[in-house]
Structure formats: structure tokens, C-alpha cells
Enquirer: 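A single structure is presented below for examination.
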Amino acid sequence: MPELPEVETTVRETAPHINGRRITGVALPWEGIVREPALAEFRSGLIGETVTGITRRGKYIFWHLSGGKVLNLHLKMSGSLLVKPSSAEAGKFTRAIFYFDNDTAIHFRDPRKFGVIRLLDGPEKVTGRLGPEPLEGGFTRKFLERSLARRKAPIKAVILDQNFIAGIGSMYADEALFAAGINPQRRPGSLTPEEVKRLHRAIRQVLRSGIEHMGASTSTYFRPGGEAGFAHHHFKVAHRRGKPCPVCDTPLEYIKLRGRGTCFCPRCQPLK
DNA sequence: CCCGGAACCTGAAGGC
DNA sequence: TGCCTTCAGGTTCCGG
């Protein structure tokens, strides 16, 4: 499931192929992927534009265009961007294809059709309310401490809230909470300053590690070259229900928390 | 503002 | 073999 490390990997590994290149065509095997504007305007606004930069904010990808607009892509739960030669045909799950002037195409593959593409005047429309980037300066221990204070939902639900911190999803939330020794059901207000400090460090550490290992390919996510990432090989709890805790060998517990599969170690992450 | 649940989707995997 | 259920979960919308 694409979260910050998977999206960052996608940006890094697509950019060298398309940055500075001109978009020569668009194909939409599933038109429903385009959220806005209407299709005719979408196509005409895109074709002929040069990509002048590629950025990420949270889980959102932006292709900055020479005319001033931005193409916004969101992989949601099952999307990948794949770099292909122009001649490559659409696969069964290819929902959109962007063709460039260097014999390169980007295929948006998305089995479950949750993915979204928008052509916008600027990123603000989708990033306006997002919380800070966890790997940048705005995400300080103080910020975490202060903003957790008034939250009542379970800690995992809070760090999944994109308006609280941008980029964390269910897998890296489980990993961060394990690394910090905090039960996912704990109330934010009950965390000690020491625990908040550990959580702050853990969030940054698991995301950095995820990027270093080029993202996690737990089911449908692939890197732009079609290869799997390696991050899931380093997961300690995420997607490991029933398996022994890597620290204490206790079988990992599985619960549904706010509809999200959640794995944790009942011994290393006790519910006080 | 905050919370929790439903809805959106479809393939894979497991049980019987 | 085949049918049924469960699981995967990012975001938005809605009611409380």
C-alpha cells in the first residue's frame, strides 16, 4: 500500500525519465481515474506541456507543468506508476498512460480503481490542510506533544490522520508504534513525555528506513521499473499477524482498529 | 474542531 | 471444483 516511502520512491525513480520532457499524448483505458477537470479540458491542458519538476507532499505526487498548472496523482491503495517504452501496451490494470517526447511512457496501474488524477491550478487545493512532512523541520517533538494533547482517538488513528501528519499509513503506523513500544489503542493524552519522544523518533526512523529500502511491496505496489521494494522484509510487526515478535517471541496480535488491520506485540506494547 | 463508521473498488487467499 | 467470506486500506463524506 503506497505510503510516504512508496510515494517518495515512485517520485525519485520516475523523475529522471520524465523531468524536462514534453507530454505528447494521454490514453485513458479507464476514464474514471480523472477526477477533474472534464476530460476534454484535461487532455488539452496536458498535451504539449513540459514537465518542469516532480514533487511529493504526503502521499500526493505533483508534476509541475510549463504552463503553470500541476498534474496531481494519488496512488491510493493499489496504484503504481510504471516507466515503459512508448510502444508498451496497456496491461489489464492500466488505468492511464502518459506519453513523452523521449520514447517513454508512464503507466498508472491500479487494480482496485481507487487512484485519482487531477489537473489543478496548484497543489494547494489538495495539500492545503495537510499536517507537516514528518521528515522535515516542521515535525518537531514539541509539535507532536502539543497536538497530541487535545486528541481523543486511539493513537494509531491520530497518526493516520493526514491533517495531523502527512504520509503515514497503516503499515508504517504499526511499525512506528512498535518501535516506540506504544500500544496502538492508547489514548494520546495518556502518553508520557518520554513516550512522545520515542514516538517522534520512531516515526522518522521507520519512514527513513522505508525510503532507504525503496518502499514495501506487500501486495500490489511496484517500483517504477516493475521491481518490488524491500522495505517489507524489514517490517517487525506490520503484516505479520500471529508470527513471533522479533524482540520477545510472543505471537503478534491482530485487531481491527477503525477498520484498519493492526498488528502489535502484546508484551512489548502493553495496554496500560 | 473532533470522532467513528460507511462507501468506494477488486483480486487473492482461505474455509468448507 | 466452486462458492462464499474475509482481507487489503487511503480518502472523502456524513451524522453525532
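Model, not experiment: these values are computed from the prediction. The sequence lines fix the lettering, A, B, ..., with proteins before strands; numbering per chain opens at 1.
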Enquirer: Would you say the side-chain atoms of A:Lys84 pair up with the backbone N or O of A:Glu89, donor to acceptor, closer than 3.5 Å?
Expert: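 Answer holds: no.
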
Enquirer: Between A:Tyr60 and A:Gln162, is there a side-chain donor-acceptor contact under 3.5 Å, judged purely by atom types and distance?
Expert: no

Enquirer: Starting at atom OH of A:Tyr221, determine the distance to atom C1' of C:dG10, rounded to an integer number of angstrom.
Expert: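 Computing the A:Tyr221:OH to C:dG10:C1' distance gives 15 Å.
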
Enquirer: Nearest whole angstrom, please: distance from the C1' of C:dT11 to the CD1 of A:Ile33.
Expert: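 So the two atoms are 15 Å apart, to the nearest Å.
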
Enquirer: Do any N or O atoms from the side chain of A:His213 and from the backbone of A:Ser209 form a donor-acceptor pair under 3.5 angstrom?
Expert: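 Yes, the answer is positive, given that a donor and an acceptor are paired below the 3.5 Å cut-off.
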
Enquirer: When you measure from the side chain of A:Gln269 to the backbone of A:Ile182, do you find a donor-acceptor pair of N or O atoms at a distance under 3.5 Å?
Expert: yes

Enquirer: Does A:Glu227 use its side chain to pair, donor to acceptor, with the backbone of A:Gly225 at less than 3.5 Å?
Expert: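 Pair found, side chain donor or acceptor close to backbone of A:Gly225.
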
Enquirer: What contact category does A:Tyr254 fall into here, base, sugar-phosphate, or nothing, at under 4.0 angstrom with non-hydrogen atoms?
Expert: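 Sugar-phosphate: the residue A:Tyr254, judged by heavy atoms under 4.0 Å, touches backbone atoms but no base.
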
Enquirer: CE of A:Met171 versus P of C:dC7: gap in Å, rounded?
Expert: 18 Å

Enquirer: How about A:Arg240 and A:Cys263: do any of their side-chain heavy atoms sit closer than 4.5 Å?
Expert: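 When only atoms from C-beta onward are counted, A:Cys263 and A:Arg240 do not touch, as no gap falls below 4.5 Å.
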
Enquirer: Please tell me whether A:Thr192 and A:Lys197 have a donor and an acceptor in their side chains that are separated by less than 3.5 angstrom.
Expert: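 The answer is no; no qualifying pair exists.
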
Enquirer: What integer number of Å spans the P atoms of C:dC3 and B:dC9?
Expert: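 It works out to 25 Å between them.
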
Enquirer: Using 4.0 Å as the upper bound for N to carboxylate O, is an ion pair formed by A:Arg151 and A:Asp161?
Expert: yes

Enquirer: Both A:Val126 and A:Thr262 contact DNA chain C. Which one's nearest nucleotide lies toward the 5' end?
Expert: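 Nearest nucleotide further toward 5': that of A:Thr262.
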
Enquirer: Do the non-hydrogen side-chain atoms of A:Pro2 and A:His74 ever get within less than 4.5 Å of each other?
Expert: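 With C-beta onward as the side chain, the pair stays apart.
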
Enquirer: Determine all donor-acceptor pairs shorter than 3.5 Å in which one atom belongs to a side chain in residues 20-33 of chain A; sequence neighbours excluded.
Expert:
unit_1	atom_1	unit_2	atom_2	d
A:Arg21	NE	A:Asp101	OD1	2.9
A:Arg21	NH2	A:Asp101	OD1	3.2
A:Thr24	OG1	A:Tyr99	O	3.3

Enquirer: Take the protein atom OH of A:Tyr172 and the nucleotide atom C1' of C:dA8, then report the distance between them rounded to whole Å.
Expert: 15 Å

Enquirer: What distance, rounded to whole Å, do you find between the two P atoms, one in B:dG11 and one in C:dT11?
Expert: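 Pairwise P distance, B:dG11 against C:dT11, rounds to 22 Å.
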
Enquirer: Between A:Arg56 and A:Glu133 (salt bridge meaning N to carboxylate O under 4.0 Å), is one present in this structure?
Expert: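 Salt bridge flag = yes for A:Glu133 with A:Arg56.
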
Enquirer: Dot-bracket for DNA chain C: what is it, with Watson-Crick or G-U pairs under 3.5 Å, [ ] where a pair crosses earlier ones, and | for a pair to another strand?
Expert: .|||||||.|||||||

Enquirer: Between A:Glu175 (side chain) and A:Ala238 (backbone), is there a donor-acceptor pair under 3.5 Å?
Expert: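 Flag set: sc A:Glu175 to bb A:Ala238 pair under 3.5 Å.
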
Enquirer: Could you list all N or O pairs between the protein and nucleotides 1-5 of chain B that sit under 3.5 Å apart?
Expert:
unit_1	atom_1	unit_2	atom_2	d
B:dC2	OP1	A:Arg150	NH1	2.9
B:dC3	OP1	A:Lys152	N	2.3
B:dC3	OP1	A:Ala153	N	2.7
B:dC3	OP2	A:Arg151	NH1	2.5
B:dG4	OP2	A:Arg258	NH1	3.1
B:dG4	N7	A:Arg258	NH2	3.4

Enquirer: Within the distance-only criterion (no hydrogens, no angle test), does the side chain of A:Ser147 pair as donor or acceptor with the backbone N or O of A:Phe143 below 3.5 angstrom?
Expert: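 Looks like yes, one N/O pair under 3.5 Å.
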
Enquirer: Quick one about A:His64 and A:Thr55 (side-chain donor to acceptor, distance below 3.5 Å, no hydrogens or angles considered), yes or no?
Expert: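 Result is yes, a qualifying pair exists.
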
Enquirer: Check the distance between C:dG10's P and A:Phe164's CZ and give it to me in whole angstrom.
Expert: 17 Å

Enquirer: Using a strict threshold of under 4.0 Å (side-chain N to carboxylate O), is an ion pair present between A:Glu212 and A:Arg208?
Expert: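 The answer is no: the pair does not qualify as a salt bridge.
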
Enquirer: Checking the side chain of A:Thr262 only, and the main-chain atoms of A:Arg260 only, is there a donor and an acceptor separated by less than 3.5 Å?
Expert: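 Checking the backbone N and O of A:Arg260 against the side chain of A:Thr262, a donor-acceptor pair under 3.5 Å is found.
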
Enquirer: Rounded to whole Å, please give me the gap between CZ in A:Arg35 and P in C:dG10.
Expert: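 Result: 16 Å.
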
Enquirer: Under 4.0 Å between a side-chain nitrogen and a carboxylate oxygen: does that hold for A:Lys76 and A:Asp110?
Expert: no

Enquirer: Can you check nucleotides 13-16 of chain C for protein contacts, nitrogen or oxygen pairs under 3.5 Å, and list what you find?
Expert:
none

Enquirer: Select base, sugar-phosphate, or nothing to describe what A:Tyr60 touches, counting heavy atoms under 4.0 Å on all strands.
Expert: sugar-phosphate

Enquirer: Please tabulate, one pair per line, each protein N/O and nucleotide N/O from nucleotides 7-10 of chain B that are separated by under 3.5 Å, including the distance.
Expert:
unit_1	atom_1	unit_2	atom_2	d
B:dC9	O2	A:Arg112	NE	3.0
B:dC9	O2	A:Arg112	NH2	3.0
B:dC9	N3	A:Arg112	NH2	3.3
B:dT10	OP1	A:Lys113	NZ	3.2
B:dT10	O2	A:Arg112	NE	3.4

Enquirer: Distance check needed: C:dT12 C1' versus A:Asn163 CG, whole Å only.
Expert: 11 Å

Enquirer: Which ones in residues 226-242 of chain A lie close to DNA chain B, meaning a heavy atom under 4.0 Å from one of its atoms?
Expert: none

Enquirer: Return no unless some side-chain N or O of A:Gln162 is found under 4.0 Å from OP1 or OP2 of C:dG10.
Expert: no

